[in-house]
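As a basis for the values below, the full set of heavy atoms in this structure was taken, side chains included, without hydrogen atoms, waters or symmetry mates. Numbers here simply count residues along the sequence, with the first being 1.
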Amino acid sequence: MKGILYVIILCSAQFAHAQKMGIDLFIRLPQVVNYNFTKPTISYAPLISTGLTLRYKKAFVDVGSFIGNTNVVGHYSYFGSALYNRQSPDNWLFVTNWFGEATYFPAQQDKKSYWVQTVGISPVLVRPFHFGAFAIALTIGAAFYDDTLSLNSRIIFNYSLPIIKSKS
C-alpha cells in the first residue's frame with residue numbers, strides 16, 4: 001500500500017508544475033472534541049499529524065497519519081474545496097472550506113479496525129510566509145461509523161511547507 005502511495009506522489013510531483021498543481025508537506029496539532037449522539041458521551045484527544053497536501057486551484061486532498069496522546073494511531077484522507085477566500089491588507093488569508101474525510105483506525109490495543117467518514121465546514125485563518133504557511137483552522141462536521149453519529153470539531157494548528165508551488 002505504501003509503495004502505491006509513493007508512486008502516485010512521485011507521478012503527481014513530476015507533472016504538478018505543468019498542471020498548476022501544488023504539493024505541500026504539513027505537520028498539524030489537532031485538538032479533537034467529539035460528541036457522540038448515539039451514546040451521549042464527549043471525548044477529547046490531542047493529536048499530532050503529518051502528511052502531504054495536493055492542491056489544484058481551489059481543491060485539495062490531504063493524505064496523512066496521526067498519533068494520539070494514548071498512542072492511538074490512524075491514517076486519513078481529508079479533501080475539499082474553498083467556498084470563500086479573502087486576503088487582508090496585512091497578508092492574512094481567511095478561507096472557508098467544505099470538507100470530507102475518511103479516517104482508518106487499524107486494529108490496536110483491544111479494538112478492531114474501523115473507518116470513520118466525516119463531512120463538514122472549516123473556517124481557516126492562514127498566514128503565508130516565504131517558506132510555507134501557518135494556519136489555524138476550526139473544523140465542524142458530522143462523523144459516521146458503524147451505526148454511530150457524532151458531532152466532530154477540531155482546532156488545528158498547521159504548518160505547511162511547499163514542495164512544489166502552483167503556478168496559479
Parallel, tilted or perpendicular: rings of Phe157 and Phe134 (30°, 60°): parallel
Tell me if the centroids of the rings in Phe99 and Tyr78 come within less than 6.0 Å of each other. yes
Please tell me if the side chains of Pro128 and Asn91 come closer than 4.5 Å, counting only heavy atoms from C-beta onward. yes
Using a strict threshold of under 4.0 Å (side-chain N to carboxylate O), is an ion pair present between Asp90 and Arg127? no
Would you say Leu125 has more than 12 foreign heavy atoms packed within less than 6.0 Å of its CG? yes
Where the side chain of Asn36 meets the backbone of Thr38, is there a donor-acceptor pair that is under 3.5 Å apart? yes
Any non-hydrogen side-chain atom of Phe26 less than 4.5 Å from a side-chain atom of Ser49? yes
So Trp92 and Val126, do their side chains get closer than 4.5 Å, heavy atoms only? no
Using modelled atom types and a 3.5 Å cut-off, is there a donor and acceptor pairing between side-chain atoms of Thr41 and backbone atoms of Lys39? yes
Is there a side-chain contact between Leu151 and Ile140 in this structure, where contact means two heavy atoms from C-beta onward sitting under 4.5 Å apart? yes
Contact between Ile67 and Leu47 at the side-chain level, heavy atoms closer than 4.5 Å - yes or no? no
Leu52 versus Leu25: any side-chain heavy-atom pair under 4.5 Å? yes
For the residue pair Phe66 and Pro30, establish whether any side-chain heavy-atom pair is separated by less than 4.5 Å. no
Give the intermediate values and the outcome of side chain to side chain contact (heavy atoms under 4.5 Å, CB included) for residues Thr139 and Ile156. CA-CA 8 Å; Thr139 65; Ile156 302 170; 4.0 Å; yes
Please test Phe60 against Leu54 for side chain to side chain contact (heavy atoms under 4.5 Å, CB included), starting from the C-alpha separation and ending with a verdict. CA-CA 6 Å; Phe60 60 88; Leu54 302 168; over 6 Å; no
Would you mind reporting whether Ile23 and Thr53 have side-chain heavy atoms less than 4.5 Å apart? no
